[in-house]
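Naming: A, B, ... by sequence-line order, numbering from 1 per chain.
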Amino acid sequence: MKNGDHLFLVDGSGYIFRAYHALPPLTRKSDGLPVGAVSGFCNMLWKLLREARDTSVGDTPTHFAVIFDYSSHTFRKEIYPEYKANRSAPPEDLIPQFGLIRQATKAFNLPCIEKEGFEADDLIATYARLAEEAGAEVTIISSDKDLMQLVTPNVSMYDSMKDKQIGIPDVIEKWGVPPEKMIDLQALTGDSTDNVPGIPGIGPKTAAQLLEEFGDLDTLLARAGEIKQQKRRENILQYADQARISRQLVTLKKDTPIDVGIEDFGLEPQDGHKLIAFLKTMEFNSLTRRAAEATGVDASEVEPARLKIEAVAEAHGPDVDVEPANEQITSRQVSAGPNLAAASPKQSASNIAATPADLVKSRTDEVLAAKFDRSAYVTIRDVATLQVWIDEAMTSGVVAFDTETNSADPMQADVVGLSLATRPGRAAYIPINHKSGDGDLLGGGLIEHQIPEREVFRLLKPLLEERSVLKIAHSMKYEWLVMHRHGIDLHPLDDTMLISYVLDAGEGSHGMDSLCDRWLGHKPLAYKDLIGSGKSSVTFDKVTIERATEYAAEDADVTLRLWRLLKPRLVADGLVSVYERLERPLIPVLARMEERGISVDRQILSRLSGDLAQSAAAIEEEIYRLAGEKINIGSPKQMGDILFGKMGLPGGSKTKTGQWSTSAQLLEDLAAEGHELPRKIVDWRQLTKLKSTYTDALPGYINPRTKRVHTSYAMAATSTGRLSSSEPNLQNIPVRTSEGRKIRTAFIAEPGNKLISADYSQIELRVLAHVAEIPQLTQAFADGIDIHAMTASEMFGVPVKDMPSEVRRRAKAINFGIIYGISAFGLANQLSIPREEAGQYIRTYFERFPGIRDYMESTKAFARQHGYVETIFGRRAHYPEIRSSNPQHRAFNERAAINAPIQGSAADIIRRAMVRIEPALDEANLSARMLLQVHDELIFETAEAEVEATIPVIRAVMENAAMPAISLSVPLHVDARAANNWDEAH
DNA sequence: GTCCGACCGTA
DNA sequence: TTACGGTCGGACG
């Protein structure tokens, strides 16, 4: 905590009583649980936090804590056994609310502070002092006069129920003395509610007057004889000791031992999920709605928190206001009253609990108990039945669905049918476009008794766009795209594939079949068995409606079951925000990118392809001549035999299948020794690679309808959090060679538009500098100097100015090596130097940057211990085989584990940027469309006239993408450029 | 027809 | 030395 920070301390226990008496009684509708004070408490917190977000003035909290009394046995009882002895037990209907208010605090993501043997007031006094000493402002949320002694120019109070600020002048106005004399005033007046004796006959007015006259209590007691009024004088003389004890009782202890420091009170972002779950349990409907709006979480998809009875019982005990006799409230006694847990009858008492882990357990049991029965699935053939299912989904608030189409490409797919599931085992299929046998007749063959396509979508649209109904699919991006072609804006969404990915990245595939087998122990019908394979395969519209029903309804059923099983694990594993901030919001963003596609110039590719063919043919002739025979140059096996067998060149390494290696690196080395053939092979390979993979393949991906190329991004394919691109892969379009770059000139903007390329500069090294806390690196990035040259200078003692390019090249290779979890073997390979020399480089590097070695070692240790590593945003990458007994295998996993937090954090950063970029462009009234992502680069297309205005918006979003979740210790830098094609823009 | 390894394009 | 996807040849059935 520092100068300018502002700590809010809520007097939780004080609030409970005040709210209980001041607010009208309120009970939970479903079971009559009294929740008036809880409601008031939640509303107060909401308001305080709401204002904290809305206003930008200095008096908003940066730090926040709620303080509670713990037990009635405090040090004051030692001084004065009668202290608070007059207190009666709290009202019956207040008791359950003590625990609930603590849970409310936690639901709001706020520190919940209490300490045995001390009152909340003492903790507040201690924290206020600490904060003030740190230079911070403090606001105590309470109107209790006992706390007014704490008021200073930097510490004020706030009466949340009267919306009144209490500062020094307010204390003086109310009590007639400044805050620092409140202790003496209370010592004189006493406090009947706490049984603090004071001096009889002296109230606040008299006390203030006396203190005004004598200055302080000690002086007053010493000179009491001077007091004119006889009765008053006698009382003061007689009860002087009582006043001294009272002073001890009312003096708050500013040095209470604390377990949690003020630095841990930093205001955390609201966890919408957790908060809504609690508010729903309490049935605070309007607050639930407001929380949903403010946090962007869809309340309908949040399960009410199932409060743990035991937890409530425990929470009763510690409160100071519960007398010892009441502390041992058993769960039996509590559950005899309102049913806090709303437990279903089949659950045993020990299983009622609803810690997130318990919920996972009970959901697992539930899902495994429900058997699969394909004969129970329904085929929907008429509008009335469809309406029944839609109503059912509307009521349940959750529906899993799956579309069956005639193409794996969502940009081309026609819907054949659609399945729904509303609860495990309850699923149906709506056939829409099933065709009979091989009806070659034009448009013919549509099977009877299928609801017309338009009618199906007209009826489904309100459900699929209803904000109170959560739609679940496995691989939602595909569904989103298909639905969007039918004019449906699918939301809100959940995706079981992405949930699995967030939970278990690195633990195998996240396809539905494998998840079903893994979690539900069930093998669903195989798609292949329905459509066949190869030449004899058919499209889904030729599958019989009976078989399609079994298959499709089962998929929806499985999806729903997986969701019930996996979704709670997000909470249990603390991965809700990774899912909700980095995965789910990206679904519509990526879907729109895929939908837009990018324009590719067929003519340019065609011309390039011709050129490549010609060059390759010429080289082919030469190769045949040099080899002395016609062989298949594309076959490494045949090529190896020629080079190392027939021609007897010095063979390098061998591949694991026993073949000679003919890698480009090795052939380059041979070429450098003067051999002609290897050079030709390398050249030939480059040309044919460009031709077959790019110039020949890309035109086939131009969509006949849109005339553009629509790649497909896989969101759950990598272990690190990166996306992958396929069909076509637009993340590996050549750029390194001038020949290859020509391919990029075929990626063009529409007439009147430009392509903008914006890429992060050195993002992974910056992330490394941040996570490993390397001072030289952070400094270099802060100063904007050449990072590889700096590394070389540090390592080899060469000045940056006029540095030989070879020296810089080596440093650059080492820097990349570090990111990849360097080994001497790998570095030696990369730099073509002896392994000993590479090892020496690495040792030197670690000497100069010891933090890097620490980072690597601690990352490995973490991975070994937990089986996974984390990015700076909490995304996990699992390495289940990091404890392998095979040293090579283990070393490989270790390097990957070192790399994953770096690569993954960079991936998270660009994901955050992508989620924010569309709203930012909208806000700025700009029409730019995001088209592509290439790991650290985003490609946009925009009207020529808007280019200048667009670039700064994109740059700002990208450079600030880590904020506010993470404040990087290095700046992010984005280079952006606009041009007519991708080559010139990059 | 399907699968796997070698190779090579990207960050 | 990290992370991917596509193409090809070649082996298998």
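For the pair A:I818 CD1 and C:dA3 C1', the computed distance is 18 Å after rounding to whole Å. For A:L768 and B:dA11, the CG to P distance is 20 Å, given to the nearest whole Å. Between A:Q665 atom CD and B:dC8 atom P the separation is 10 Å, expressed in whole Å. Atom C1' of nucleotide B:dC8 and atom CH2 of A:W684 are separated by 13 Å, given to the nearest angstrom. A:K654 has its NZ atom 16 Å from the C1' atom of B:dA6, to the nearest Å. For the pair A:L932 CG and B:dA11 C1', the interatomic distance rounds to 14 Å; values are reported in whole Å. Rounding to whole angstrom units, CG of residue A:L690 and C1' of B:dC8 are separated by 10 Å. A:I939 places its CD1 atom 13 Å from the C1' atom of B:dT10, with the value rounded to the nearest Å.
In the set C:dC4, C:dG10, B:dC7, the nucleotide with an atom closest to the side chain of A:P636 is B:dC7. Of the candidates C:dG5, C:dA3, B:dC8, C:dG5 carries the atom nearest the A:A717 side chain, counting heavy atoms from C-beta on. Here C:dG6 is the nucleotide among C:dG6, B:dC7, C:dA3 with the atom lying nearest to any side-chain atom of A:K689. Minimum atom distance to the side chain of A:R895 is reached by C:dT2, of the listed C:dG9, B:dT2, C:dT2. Of the candidates B:dT10, B:dC7, C:dG5, the closest approach to any side-chain atom of A:S661 belongs to B:dC7. When the nucleotides C:dG5, B:dC8, C:dA3 are ranked by their closest atom to the side chain of A:N899, C:dA3 comes out on top. Closest contact between the side chain of A:Q686 and the listed nucleotides C:dT2, B:dG9, C:dT1 involves B:dG9. Set against B:dT10, B:dT2, C:dG10, the side chain of A:R736 has B:dT10 as its closest nucleotide. With C:dG10, B:dG9, C:dA3 as the choices, the nucleotide that has an atom nearest any side-chain atom of A:T720 turns out to be C:dA3. For A:T657, the side-chain atoms get nearest to B:dG5 when compared with the rest of B:dC8, B:dG5, B:dT10.
Across all strands, A:Q638 comes closer than 4.0 Å only to sugar-phosphate atoms, never to a base (heavy-atom distances). Contact annotation for A:G817: base contact, defined as any heavy-atom pair under 4.0 Å involving a base atom. When heavy atoms are screened at a 4.0 angstrom cut-off, A:A906 is found touching no nucleic acid atom at all. Heavy atoms of A:T688 sit nowhere under 4.0 angstrom from any nucleic acid atom. Residue contacts for A:F816: at a heavy-atom cut-off of 4.0 Å it reaches no nucleic acid atom on any strand shown. Residue A:R722 is classed as a base contact, given a heavy-atom separation below 4.0 Å to a base. Within 4.0 Å of A:F892, counting heavy atoms only, lie sugar-phosphate atoms of the nucleic acid but no base atom. Residue contacts for A:A697: at a heavy-atom cut-off of 4.0 Å it reaches the sugar-phosphate backbone alone, with no base atom in range. Within 4.0 Å (heavy atoms only), A:N632 reaches sugar-phosphate atoms of the nucleic acid but no base atom. When heavy atoms are screened at a 4.0 angstrom cut-off, A:E727 is found touching the sugar-phosphate backbone but no base atom. Residue contacts for A:I822: at a heavy-atom cut-off of 4.0 Å it reaches a base atom on one of the strands shown.
Below the 3.5 angstrom threshold, one finds a donor paired with an acceptor across the side chain of A:N732 and the base of B:dG9. In this model, no side-chain donor or acceptor of A:R685 finds a partner on the base of B:dA6 within 3.5 Å.
For A:S536, no side-chain nitrogen or oxygen approaches OP1 or OP2 of B:dG1 to under 4.0 Å. Here A:S635 reaches the OP1 or OP2 of C:dG10: one of its side-chain N or O atoms lies under 4.0 Å away. Between A:T718 and C:dC4 there is no side-chain polar atom (N or O) within less than 4.0 angstrom of OP1 or OP2. Between A:S663 and B:dC7, a side-chain N or O to OP1/OP2 separation shorter than 4.0 Å is absent. Between A:T693 and the phosphate of C:dG5, there is no side-chain N or O to OP1/OP2 separation shorter than 4.0 Å.
Applying the ring-ring contact (aromatic ring centres under 6.0 Å, His included) test between A:F747 and each of A:Y694, A:Y701, A:W982 identifies A:W982 as the sole match. Looking at A:R679, A:K680, A:R685 one by one, the single match for salt bridge (charged side-chain N to carboxylate O under 4.0 Å, His left out) with A:D683 turns out to be A:R679.
When only modelled atom types and interatomic distance are considered, A:N815 and A:T791 share a side-chain donor-acceptor pair under 3.5 Å. With 3.5 Å as the limit, one finds a donor-acceptor pair spanning the side chains of A:D908 and A:T871. Side-chain N/O atoms of A:Y501 and A:T718 include a donor and acceptor closer than 3.5 Å. A donor-acceptor contact closer than 3.5 angstrom is absent between the side chains of A:E727 and A:S712.
For A:R808 and A:D786, the salt-bridge test passes: some basic side-chain N is under 4.0 Å from an acidic carboxylate O.
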Take A:Y841 and A:Y845, measure what ring pair (Phe, Tyr, Trp, His ring centres under 6.0 Å) needs, and give me the verdict at the end.
CA-CA 6 Å; A:Y841 280 1; A:Y845 189 96; over 10 Å; no
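Both geometric conditions, a ring-centre gap below 5.5 Å and a plane tilt below 30°, are not fulfilled together for A:Y820 over the base of C:dT1.
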